[in-house]
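Can you read through this structure? Questions will come right after.
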Amino acid sequence: FIPDQPNGYAPHIVSFQNTSASSSGNGSITSVWNFGNGTSLTTTNNASGSAVYNSPGTYTVMLLATKGNCKDTVYKTIKVEIPSKLEVPNIFTPNGDGSNDIFFLKTANISSVNAVIMDRWGNKVYETSSSTGNIAWDGKNFNGKDCSSGVYFYIITATGKDDKKYESKGNITL
């Protein structure tokens, strides 16, 4: 059997093409599928199947094909990854107390991210890029001086490893 997409991001839908064959014709082949995600299917006449993988992980799919006394079992692996995500906080307090001192993005499976932070007059106070999704701002400007308390505007663009595009604009209170 052949999976159409052996790798992907949750939720991941995979269609399986049954290529079971017999030298005396395919009409009486019974196929029992175990998709590795808690679902199974029994088909005849080389019918194909599909499965949905909602959680990240590695799944082993098994196909048992039977025709009379002849049996064959084949295994394939499906790999499902965490989908990308980007969450932006709306407040932080860089006062050195060890709690919420850094403006830090919550990300998963991000391949690139760019962040620009501006003051209320539209002047850039901070800009950074990352290929891992890890961005942290400590409340200091380009010269290393503490920015004053207040509301700042951000523009964050990112791309997930699943090719999902993100553009987030908003305010953050420092």
Side-chain angles (χ1 to χ4, degrees), residues 1-92 98-116 127-137 154-170 172:
F1 68 96
I2 301 169
D4 68 340
Q5 298 181 59
N7 303 309
Y9 296 88
H12 184 52
I13 300 171
V14 181
S15 294
F16 299 94
Q17 178 186 359
N18 189 341
T19 58
S20 299
S22 169
S23 60
S24 61
N26 299 335
S28 62
I29 295 176
T30 299
S31 299
V32 178
W33 298 86
N34 179 331
F35 296 111
N37 63 353
T39 63
S40 60
L41 175 68
T42 300
T43 62
T44 56
N45 303 326
N46 279 15
S48 297
S50 66
V52 177
Y53 298 90
N54 291 310
S55 300
T58 300
Y59 300 87
T60 301
V61 179
M62 180 194 76
L63 173 63
L64 170 63
T66 305
K67 182 171 183 177
N69 291 329
C70 183
K71 294 182 181 183
D72 194 15
T73 304
V74 180
Y75 299 90
K76 301 279 180 158
T77 301
I78 305 298
K79 293 182 182 176
V80 181
E81 295 189 47
I82 298 169
S84 65
K85 82 171 185 177
L86 173 74
E87 294 178 10
V88 182
N90 61 2
I91 191 168
F92 76 116
S99 177
N100 203 25
D101 284 336
I102 303 288
F103 173 77
F104 188 75
L105 303 178
K106 293 181 182 178
T107 65
N109 271 342
I110 296 293
S111 59
S112 68
V113 63
N114 183 64
V116 176
E127 183 173 19
T128 191
S129 295
S130 170
S131 61
T132 63
N134 295 328
I135 286 186
W137 179 41
Y154 65 81
I155 300 172
I156 297 172
T157 56
T159 303
K161 290 181 182 177
D162 54 3
D163 292 327
K164 184 175 179 182
K165 303 286 185 199
Y166 296 88
E167 183 175 56
S168 183
K169 297 177 181 178
I172 180 147

- Got Tyr154 and Val88 here, is their nearest side-chain heavy-atom distance under 4.5 Å?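 They are in side-chain contact.
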- Message: I'd like to check Thr107 versus Val113 (side-chain heavy atoms, cut-off strictly below 4.5 Å). Are they in contact?
- Response: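 Counting from C-beta outward, Thr107 and Val113 never come under 4.5 Å.
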- Query: Would you find more than 12 non-hydrogen atoms of other residues, nucleotides or ligands less than 6.0 Å from Leu64 atom CG?
  - Reply: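 More than 12 heavy atoms, drawn from other residues, nucleotides or ligands, come within 6.0 Å of this atom.
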- Message: Whether the Ser84 and Asp162 side chains hold a donor-acceptor pair (N or O, under 3.5 Å, no angle test) is what I'd like checked.
- Response: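 Yes, a side-chain donor-acceptor pair sits under 3.5 Å.
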- Item | Between CG on residue Leu86 and CD1 on residue Ile110, distance to nearest 0.5 Å |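 That separation rounds to 5.5 Å.
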- Message: Checking the side chain of Ser111 only, and the main-chain atoms of Thr159 only, is there a donor and an acceptor separated by less than 3.5 Å?
- Response: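 Yes: the side chain of Ser111 pairs with the backbone of Thr159.
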- Message: Keeping Asn46 on the side-chain end and Ser20 on the backbone end, is there a donor-acceptor pair under 3.5 Å?
- Response: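 Pair found, side chain donor or acceptor close to backbone of Ser20.
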- For the pair Phe103 and Phe92, name the ring-plane relationship: parallel under 30°, tilted 30 to 60°, perpendicular over 60°.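 Ring orientation, 0 to 90° scale: tilted.
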- Message: Is it the case that the ring center of Phe104 lies less than 6.0 angstrom away from the ring center of Trp137?
- Response: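 Aromatic pair excluded; centres sit 6.0 Å or further apart.
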- Task: Carefully, step by step, assess Tyr53 and Ile78 under the rule side chain to side chain contact (heavy atoms under 4.5 Å, CB included).
- Result: CA-CA 9 Å; Tyr53 298 90; Ile78 305 298; 4.2 Å; yes
- Tell me, do Asn34 and Val32 make a side-chain contact under 4.5 Å, heavy atoms counted?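 With C-beta onward as the side chain, the pair stays apart.
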- Query: Is any side-chain heavy atom of Ile156 less than 4.5 Å from a side-chain heavy atom of Asn114?
  - Reply: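 Ile156 does not reach Asn114 side chain to side chain.
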- Message: Tell me whether Thr77 contacts the main-chain N or O of Thr60 through its side chain, where contact means a donor paired with an acceptor under 3.5 Å.
- Response: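 A pair under 3.5 Å: no.
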- Message: Any non-hydrogen side-chain atom of Tyr75 less than 4.5 Å from a side-chain atom of Val61?
- Response: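 SC-SC contact between Tyr75 and Val61 ruled out.
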- Item | Side chain Asn37, main chain Val52, donor-acceptor under 3.5 Å |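 Judged by distance alone, yes, a pair lies under 3.5 Å.
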- Assert yes or no for the condition that the ring centre distance of Phe35 to Tyr59 is strictly below 6.0 Å.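 Aromatic pair excluded; centres sit 6.0 Å or further apart.
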- Item | Salt bridge flag under 4.0 Å for residues Glu81 and Lys79 |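 No, no charged N to carboxylate O under 4.0 Å.
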- Task: Could you tell me whether the side chain of Asp4 and the main chain of Ser15 form a donor-acceptor pair under 3.5 Å?
- Result: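 A pair under 3.5 Å: yes.
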- Item | Under 3.5 Å: donor-acceptor pair, side chain of His12, backbone of Gln5 |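 Flag set: sc His12 to bb Gln5 pair under 3.5 Å.
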- Message: For Ile102, I'd like to know if atom CD1 has over 12 heavy atoms of other residues, nucleotides or ligands within 6.0 Å.
- Response: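 Yes - once you tally the heavy atoms of other residues, nucleotides and ligands closer than 6.0 Å, there are more than 12.
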- Less than 4.5 Å apart, any side-chain heavy atom of Phe1 and any of Gln17?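 When only atoms from C-beta onward are counted, Gln17 and Phe1 do not touch, as no gap falls below 4.5 Å.
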- Least distance between heavy atoms, Pro3 atom then Val14 atom: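 Heavy atoms of Pro3 and Val14 come nearest at CB-CG1, 3.8 Å.
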- Item | pair Thr19-Ile2: side-chain heavy atoms closer than 4.5 Å |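 Yes, at least one pair of side-chain atoms sits under 4.5 Å.
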- Minimum heavy-atom distance between Pro11 and Asn54, given as atom pair plus value: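 Closest approach of Pro11 to Asn54: CB-OD1, 3.5 Å.
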